[in-house]
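The shown structure was predicted, so the numbers you read here are calculated from the model rather than taken from an experiment. Side chains are part of it too, since the values below use all heavy atoms of this structure and drop only hydrogens, waters and symmetry mates. Here is the naming used below: chain letters follow the sequence lines, and residue numbers restart at 1 for every chain.
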Number of protein chains: 2
Amino acid sequence: MAEKEDKMNVEKAILDAATEEFLSKGFSGARTVAIAEKAGVTHAMLHYYFRTKEKLFECIIDTVIKELIDSVTEAYKRQDASLSFEDRVVAVMNAHLDFIIAKPQLPSFLFMEIFPSTENFKLIKEKASSALGSLNTQLKETLESANNNEEIDNISLPMLISDVVTLNAATAISSQLATKLLNITKEEYVAMRKQENEILIRKRLKK
Amino acid sequence: MAEKEDKMNVEKAILDAATEEFLSKGFSGARTVAIAEKAGVTHAMLHYYFRTKEKLFECIIDTVIKELIDSVTEAYKRQDASLSFEDRVVAVMNAHLDFIIAKPQLPSFLFMEIFPSTENFKLIKEKASSALGSLNTQLKETLESANNNEEIDNISLPMLISDVVTLNAATAISSQLATKLLNITKEEYVAMRKQENEILIRKRLKK
DNA sequence: TCTGCCATTAACAGAATTGTTAAACAAATT
DNA sequence: AATTTGTTTAACAATTCTGTTAATGGCAGA
């Protein structure tokens with residue numbers, strides 16, 4: 001059993017190092033030797049376990065996407081049904097932000113490496129749509145009834161999602177600039193943005 | 001004179017090809033031979049004119065940043081002073097969006113290639129602050145008086161700028177996904193987002 | 001204890017990519 | 001026409017990076 005744990009440790013070490021390297025430098029900027037070094041193994045080991053750089057990259061994408069989807073579904077599930085539509089949107093948005101802030105390079109990585117590539121995009125679209133399909137129809141219904149009951153100022157689902165994702169992604173990305181541009185810590189900046197995003201969405205949904 | 005024009009054409013051709021290559025693939029993903037091919041010259045010419053890939057990259061950054069700054073200052077200058085604060089913010093935001101939509105890979109390029117690198121970031125910060133310094137103090141005053149006169153719902157300058165830049169950058173980035181995710185053209189999506197961004201900002205500024 | 005399997009290492013091979021050089025060439029100047 | 005200057009080309013050198021291989025060592029089960 002000890003050897004299996006050892007094996008997992010090596011694999012895990014490589015995956016962790018690879019995640020860091022790929023997310024911060026992108027596929028072409030990442031170096032397999034650098035990954036191996038970070039993981040504390042010879043670079044032959046990396047090829048032994050993952051064959052090629054491409055295959056290793058795909059593993060990283062898989063886990064990253066899985067985590068992303070999980071974070072959204074979790075946040076959505078953990079909702080209090082007694083809350084108003086507005087409160088629920090804000091709750092999901094904030095949960096989503098917390099996840100994304102933990103991996104702030106993720107959004108720009110997605111935009112730079114995944115979305116432009118047709119194959120990579122297809123890959124994650126399939127995964128996402130099978131995992132998020134039911135959530136989407138659920139959302140659609142909830143939004144429709146909110147629109148019809150005149151609870152909120154009318155808005156389409158794509159624009160609402162776009163608003164939330166946009167504000168959160170940009171918060172994560174720009175948080176890396178906080179200390180460089182404004183003289184505040186990243187945490188302070190994120191707290192400010194969180195508040196501001198909430199104001200924006202609430203005002204948007206109010207009639 | 002003909003030879004000078006020729007020289008400019010070659011240089012320009014390389015610069016144009018390099019801009020496309022660097023913006024879409026990033027520094028490490030870009031290939032100097034691919035740039036040379038696109039420009040229709042041998043790849044030795046590229047080195048003859050620009051010495052190294054790094055130097056060529058710096059030239060691209062220079063022009064890209066210059067264009068970005070110009071677009072903002074132009075948009076700000078072209079303002080109608082008789083407009084309300086809210087209307088002016090919207091006008092500048094829309095002008096900025098039009099520029100950015102012409103180069104939709106620009107935001108993710110900046111986030112992936114420029115901002116994480118301390119040297120590159122320093123470079124553009126200097127340029128930007130010297131060019132945008134006066135604009136910043138101007139903005140500060142305008143916003144302060146708007147805040148004090150209770151024209152608008154109170155907001156800090158960093159958050160206002162962050163809102164505008166965020167919404168525009170995200171619109172540009174996500175516009176590349178419009179046809180892939182929703183069944184609409186990029187132009188339709190941008191038009192929708194433009195409208196939505198305007199709604200968001202106006203509601204944000206209203207008391 | 002022997003055998004076979006798996007993990008690991010070090011050295012190396014191969015490919016891709018950047019950068020150089022020497023020679024040819026073209027245009028302008030004397 | 002000869003010289004000079006700067007441009008262009010093709011071949012090549014150098015490096016960097018990915019991927020392979022053959023040899024080593026340990027450990028489990030026969």
Side-chain angles (χ1 to χ4, degrees), chain A residues 1-62 109 112-114 116-117 119-120, chain B residues 1-62 109 112-114 116-117 119-120:
Chain A
M1 197 93 309
E3 83 281 358
K4 261 194 186 170
E5 239 174 61
D6 264 21
K7 186 178 167 176
M8 289 316 287
N9 283 342
V10 173
E11 257 190 60
K12 186 72 173 25
I14 296 175
L15 282 172
D16 286 347
T19 303
E20 203 188 310
E21 180 87 356
F22 280 130
L23 282 193
S24 61
K25 304 191 179 166
F27 178 79
S28 52
R31 294 291 106 105
T32 54
V33 288
I35 295 172
E37 230 166 71
K38 250 183 239 171
V41 300
T42 62
H43 100 276
M45 290 303 304
L46 183 148
H47 289 288
Y48 177 70
Y49 279 103
F50 295 95
R51 210 79 209 145
T52 67
K53 191 183 176 183
E54 263 92 3
K55 291 227 164 69
L56 178 56
F57 186 66
E58 278 166 31
C59 291
I60 300 304
I61 293 183
D62 279 1
F109 173 79
M112 199 77 189
E113 300 285 323
I114 310 297
S117 144
E119 315 112 64
N120 283 336
Chain B
M1 196 94 313
E3 82 281 358
K4 262 192 185 170
E5 240 175 58
D6 264 22
K7 185 178 166 175
M8 290 315 286
N9 283 343
V10 173
E11 257 190 59
K12 186 75 172 24
I14 296 175
L15 282 171
D16 287 349
T19 304
E20 204 188 312
E21 180 87 356
F22 280 130
L23 281 194
S24 61
K25 304 190 179 167
F27 178 78
S28 52
R31 295 289 107 107
T32 54
V33 289
I35 294 172
E37 231 166 70
K38 249 183 238 171
V41 300
T42 62
H43 100 276
M45 290 302 304
L46 184 147
H47 289 288
Y48 176 71
Y49 279 103
F50 295 95
R51 213 74 210 150
T52 67
K53 190 183 176 185
E54 263 92 4
K55 291 228 164 69
L56 177 56
F57 186 67
E58 278 166 31
C59 291
I60 300 305
I61 293 183
D62 279 0
F109 173 78
M112 197 76 188
E113 300 285 323
I114 310 297
S117 143
E119 315 113 62
N120 284 337

Does the side chain of [X] reach to within under 4.5 Å of the side chain of [Y], using non-hydrogen atoms?
X       : Y        : answer
A:Glu20 : A:Asp16  : no
A:Phe57 : A:Asn120 : yes
B:Thr32 : B:Leu56  : no

Residues passing the salt bridge (charged side-chain N to carboxylate O under 4.0 Å, His left out) test with B:Glu21, sequence neighbours excluded, are B:Lys25, B:Lys38
Starting from [atom2] on [N], measure out to [atom1] on [X] and report it in whole angstrom.
X       : N      : atom1 : atom2 : answer
A:Arg31 : C:dA16 : CZ    : P     : 15 Å
A:Glu11 : C:dC6  : CD    : P     : 14 Å
B:Met45 : C:dC25 : CE    : C1'   : 13 Å
A:Phe50 : C:dT8  : CZ    : P     : 12 Å
A:Asn9  : C:dA7  : CG    : P     : 13 Å
B:Glu37 : D:dA10 : CD    : P     : 13 Å

* For A:Ala30, which contact category applies under a 4.0 Å heavy-atom criterion: base, sugar-phosphate, or nothing? -> sugar-phosphate
| task | Scan B:Ala36 against the nucleic acid and name what it touches under 4.0 Å (heavy atoms): base, sugar-phosphate only, or nothing. | result | nothing
In terms of heavy-atom contacts, A:Ala18 and A:Ile60 come closest through CB-CD1, 3.8 Å
Polar atom pairs between nucleotides 19-23 of chain C and protein, under 3.5 Å, N or O only, would you list them?
from	atom 1	to	atom 2	distance (Å)
C:dG19	OP2	B:Lys53	N	3.0
C:dG19	N7	B:His43	NE2	3.0
C:dG19	O6	B:His43	NE2	3.2

Side-chain atoms of B:Tyr49 come closest, of D:dT9, D:dT7, D:dT18, to D:dT7
Specify whether B:Phe22 and B:Phe27 have parallel, tilted or perpendicular ring planes, treating 30° as the upper limit for parallel and 60° as the lower limit for perpendicular. parallel
So, is B:Thr42 near the phosphate of D:dT9, with a side-chain N or O under 4.0 Å from OP1 or OP2? yes
